[in-house]
Amino acid sequence: MSILQTLKDRFRPVLVDLVGTEDAEKALDLIRPAQDARFGDYQANMAMPLKKQLRKPPREIASEIIGRLNLDDLCEPPEVAGPGFINLRLRESVLADRLNAAAGDSRLGVAPVSQSRSYLVDYSAPNVAKPMHVGHIRSTVIGDALCRVLRFLGHQVTSDNHLGDWGTQFGMILYGYKHFLDTDAYAKDPLGELARLYRHVRSLMDNDEAIAKAVLAETAQLHAGDSENRRLWQEFIPVCLAEIDRMYGRLGVHFDHTLGESYYHDRLPGLVDELIASGLARRSEGALAVFLDGQETPMLVQKQDGAFLYATTDLATVRYRMETFHPDAILYVVDHRQSLHFKHLFAVARMLGYNNVELTHVSFGTVLGDDGRPFRTREGDIVGLESLLDEAVRRAGEVVAANDESKPGGPELSPEERQRIAETVGIGALKYADLAQNRTSDYVFSFDKMLAMNGNTGTYMQYAYARIRSIFRKGGVDPASLRGSGAAIQLETPEERALGLQLLQFGEALDQVVVDYRPNQLTSYLFDLAGRFTTFYEKHSVLKAEPDSLRQSRLLLCDLTAETIKQGLSLLGIDVVEQM
RNA sequence: GUCCCCGUAGCUCAAUUGGAUAGAGCGUCGGCCUCCGGAGCCGAAGGUUACAGGUUCGAAUCCUGUCGGGGAUACCA
């Protein structure tokens with residue numbers, strides 16, 4: 001159980017006694033890690049808001065709470081400060097005991113949640129007919145990290161990649177295939193040729209209404225079951241899937257299910273009939289619309305020409321997921337421009353009776369270029385995901401090479417090792433840069449920033465990890481046997497104490513991630529952890545520490561730090577390297 | 001027009017969801033290498049949190065208004 005949870009359990013009976021069960025829970029939420037180490041390790045802030053209810057000065061309330069608490073085994077005597085803050089400082093022995101338990105635990109002292117929930121996470125969802133690009137990074141990386149954190153905490157997670165495999169983009173490719181196909185190019189590189197056709201038709205549509213209409217007609221024929229279009233679709237899909245699978249392989253992302261829009265196609269007519277029958281949907285301006293209270297625009301579920309829309313598919317998808325997976329929550333990791341769509345979707349889902357499920361749009365901002373506009377190449381094209389990964393790896397290679405050259409004992413890595421490390425560091429840096437952002441903000445993309453060895457970057461975190469591992473190599477110490485040796489962590493200095501406390505708060509950081517589905521809570525934690533480690537490491541010798549018990553204690557602290565960094569990065573979908 | 005998001009150090013971003021003196025990195029300035037990886041560490045300067053009101057013990061955070069930026073807004077997804 002986390003320190004925070006332990007403290008809450010101690011406060012609970014006192015607060016229940018004071019203000020009743022319901023208000024006590026609210027008050028317990030006001031126990032927090034201290035914002036400033038001068039105030040101790042944790043602080044309880046409930047005395048101030050309870051002023052009105054209890055009709056006493058907050059400081060008096062704080063004193064009364066302290067008087068009824070028995071925290072002697074956990075904390076130094078609590079202090080009341082300022083307007084009524086209760087400052088708590090943990091006993092060194094408590095920290096040491098918990099650290100020793102964590103050091104020997106594969107979960108690093110993080111207990112699984114007591115109440116496991118079932119999550120369905122919908123993320124990535126590229127349109128498969130066109131190459132993946134920079135716009136897919138955020139959904140893919142954030143969704144993957146959320147799945148990993150939720151699973152680690154003991155929740156049941158189903159990931160589903162809701163591919164765009166049935167939309168207008170296929171009409172474009174079908175039209176292009178029929179009019180502009182380069183047969184030789186298609187034979188040699190089907191994907192490249194399909195991508196070319198997509199771009200070509202895309203540009204034609206903008207200036208030629210007749211072509212735009214013809215493209216929609218191709219799409220409609222595909223949906224209507226036209227045998228030629230279906231055959232071509234069957235031919236295109238494996239090509240497209242092979243490509244995105246290659247990308248996911250490189251990113252280390254895996255889905256439990258890949259049920260694209262096409263999967264739901266047969267379910268749409270029945271769903272729409274039901275919406276009409278139940279009176280939820282009605283004709284408006286030739287289309288079929290569901291009107292919502294307080295909403296200016298309705299949600300359209302069928303076009304004038306009879307074609308269905310993505311709202312229709314999304315509704316069918318909600319129903320399928322509810323019937324198949326029975327989730328407690330469905331998370332949609334989709335950019336913020338679609339917030340109105342999800343507002344509509346969730347409202348209609350409630351009207352269909354899906355009231356016992358959390359429906360959350362985990363929205364995120366746009367990746368911008370230096371100019372503050374959405375990130376593009378110099379030529380103004382959308383940046384392809386593959387070239388983005390290649391460039392990140394290439395630049396990581398330069399960083400790794402320069403770093404290796406400057407090692408005190410000379411270079412240690414072969415060209416092959418450098419290449420392998422560059423792949424891990426480059427892709428890790430790319431992911432980390434995205435996850436370290438508050439997901440709701442737009443952010444400015446910069447290779448230089450993401451690969452910097454300073455600051456809150458993936459490269460810095462991987463470097464911190466490699467440095468710790470290097471201590472063990474240099475000292476000839478095997479971490480596994482150290483853990484089993486019976487050696488114990490002791491907290492001799494302020495730096496060790498600060499590091500130790502941070503290590504024990506790993507689980508609390510993960511809890512923070514889940515509260516609002518914000519992976520940057522974890523990157524912040526890891527950056528802070530690395531900072532406390534380097535402060536400790538600069539000031540105190542590890543390998544040369546005496547007596548031997550102190551040396552062992554510090555080695556254990558190093559090891560637990562490394563393991564926590566490794567586990568934390570792993571929960572972000574990022575690998576570590578032992579040397580770099 | 002309406003709705004949503006945003007505006008924080010010169011730059012890029014945080015801020016435990018209403019808590020104490022708003023923090024990091026980059027950049028600037030000043031210290032620290034006989035020593036476990038110096039691409040490091042320690043310190044300083046830099047802020048009226050766009051602006052004006054309000055709510056309360058307490059506001060970057062909540063409410064109202066103004067200004068500025070972005071997004072969405074009926075048959076793309």
Side-chain angles (χ1 to χ4, degrees), chain A residues 29-30 32-36 38-39 43 45 47-49 51-52 57-58 81-85 87 125 127 164 166-169 216 219 261 284-289 294-305 307-311 313-314 334-341 343 363 365-366 368 372-373 399 402-403 406-409 412 436-438 440-444 446 448-449 452-457 459-460 463 466-468 470-475 508-509 511-512 515-516 520-521 523-525 527-528 531 534-535 537-545 554 558 579-580:
Chain A
D29 278 339
L30 293 173
R32 313 263 170 90
Q35 296 223 350
D36 190 315
R38 284 173 304 151
F39 303 136
Q43 58 185 53
N45 303 342
M48 285 83 77
K51 179 187 73 167
K52 269 190 187 150
F85 296 104
N87 289 335
N127 283 331
W166 198 245
T168 310
Q169 74 275 19
L216 289 180
T219 313
E261 293 172 331
S284 169
E285 299 178 26
L288 195 63
Q295 293 292 310
E296 187 185 7
T297 53
M299 184 173 85
L300 299 189
V301 293
Q302 193 174 24
K303 305 202 287 190
Q304 285 184 22
D305 65 5
F308 300 114
L309 292 143
Y310 81 133
T313 308
D314 276 4
V334 181
D335 78 86
H336 70 283
R337 287 174 305 195
Q338 297 198 34
S339 53
L340 180 60
H341 165 67
K343 198 171 176 182
S363 72
T366 310
L368 306 175
R373 306 291 307 165
V399 171
N403 187 51
S406 71
K407 279 175 188 160
E412 297 172 353
Q437 235 54 50
N438 182 329
T440 59
S441 333
D442 296 346
Y443 75 95
V444 176
S446 158
D448 289 335
K449 256 189 70 186
M453 296 276 274
N454 299 329
N456 190 7
T457 69
T459 318
Y460 174 78
Y463 180 64
R467 276 179 70 181
I468 299 173
S470 141
I471 298 170
F472 286 82
R473 272 195 303 278
K474 189 140 297 186
E508 293 171 23
D511 290 340
Q512 285 298 322
V515 168
D516 248 345
N520 72 314
Q521 296 285 348
T523 58
S524 295
Y525 168 83
F527 183 55
D528 202 14
T534 47
T535 300
Y537 177 75
E538 282 291 324
K539 191 148 183 185
H540 305 290
S541 290
V542 175
L543 290 174
K544 291 174 187 162
R554 289 184 173 165
C558 290
Q579 286 173 275
M580 67 180 276

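It should be emphasised that the depicted structure is a prediction, and the values quoted were computed from it without experimental measurement. Below, chains carry the letters A, B, ... as their sequence lines are ordered, and counting in each starts from 1.
- With rounding to whole Å, A:Asn520 atom CG is found 14 Å from B:U17 atom P.
- Residue A:Lys544 has no polar side-chain atom (N or O) positioned under 4.0 Å from OP1 or OP2 of B:C36.
- Across all strands shown, B:A52 is found opposite B:U64 as a Watson-Crick or G-U wobble partner, with both distances under 3.5 Å.
- Residue A:Ser441 places none of its side-chain N or O atoms closer than 4.0 Å to OP1 or OP2 of B:C6.
- Although no hydrogens or angles enter the test, the distance criterion places no donor-acceptor pair under 3.5 Å between the side chain of A:Asp442 and the main chain of A:Leu368.
- A distance-only check finds no donor-acceptor pair linking the side chain of A:Glu412 to the backbone of A:Lys407 [under 3.5 Å].
- Residue side chain A:Ser284 reaches the base of B:A74 through a donor-acceptor N/O pair under 3.5 Å, judged by distance alone.
- A donor-acceptor contact under 3.5 Å is formed by the side chain of A:Asn403 with the base of B:G37.
- B:G7 sits 11 Å from B:C13 when the P atoms are compared, rounded to a whole Å.
- Residue A:Gln512 places no side-chain N or O under 4.0 Å from the OP1 or OP2 atom of B:U16.
- Between A:Arg32 and B:U17 there is a side-chain N or O to OP1 or OP2 distance below 4.0 Å.
- B:C29: Watson-Crick or G-U partner is B:G43, with both key distances under 3.5 Å.
- Rounding to whole angstrom units, CG of residue A:Asp442 and P of B:U12 are separated by 12 Å.
- Nucleotide B:G25 holds its P atom 19 Å from the CG atom of A:Asn438, rounded to whole Å.
- A donor-acceptor contact under 3.5 Å is not formed by the side chain of A:Arg337 with the base of B:U73.
- A donor-acceptor contact under 3.5 Å is formed by the side chain of A:Glu296 with the base of B:G1.
- Judged by distance alone with a 3.5 Å cut-off, a donor-acceptor contact links the side chain of A:Gln43 to the base of B:A20.
- Judged by Watson-Crick or G-U wobble contacts below 3.5 Å, the nucleotide B:U2 has B:A72 as its partner.
- With centres under 5.5 Å and a plane angle under 30° as the test, the ring of A:Phe85 is not stacked against the base of B:G19.
- Residue A:Asn456 contributes atom CG, which lies 13 Å from atom C1' of B:A15 at whole-angstrom precision.
- Of all nucleotides listed (B:U21, B:C57, B:A20), B:U21 comes nearest to the side chain of A:Arg38.
- Taking atom CZ on A:Phe527 and atom P on B:C26, their separation rounds to 8 Å, with Å as the unit.
- Judged by distance alone with a 3.5 Å cut-off, a donor-acceptor contact links the side chain of A:Gln35 to the base of B:U16.
- Of the N and O atoms on the side chains of A:Ser446 and A:Asp448, not one donor lies less than 3.5 Å from an acceptor on the other residue.
- Residue A:Thr534 has a polar side-chain atom (N or O) positioned under 4.0 Å from OP1 or OP2 of B:C41.
- Not one side-chain nitrogen or oxygen of A:Thr297 sits closer than 4.0 Å to the OP1 or OP2 atom of B:U73.
- Pair assignment for B:A22: none, as no Watson-Crick or G-U wobble contacts are both less than 3.5 Å.
- The main-chain N or O of A:Asn520 is found under 3.5 Å from a side-chain atom of A:Ser524 such that the two form a donor-acceptor pair.
- As rounded to whole Å, 5 Å separates atom P of B:A77 from atom CG of A:Leu309.
- Rounded to whole Å, atom P of B:G38 lies 6 Å from atom OH of A:Tyr463.
- Aromatic ring orientation, A:His341 versus A:Tyr310: parallel (interplanar angle below 30°, classes split at 30° and 60°).
- Taking a centre distance below 5.5 Å and an interplanar angle below 30 degrees as the stacking criterion, A:Tyr310 does not stack against the six-membered base ring of B:C76.
- Side-chain N/O atoms of A:Lys449 include none lying less than 4.0 angstrom from OP1 or OP2 on B:C26.
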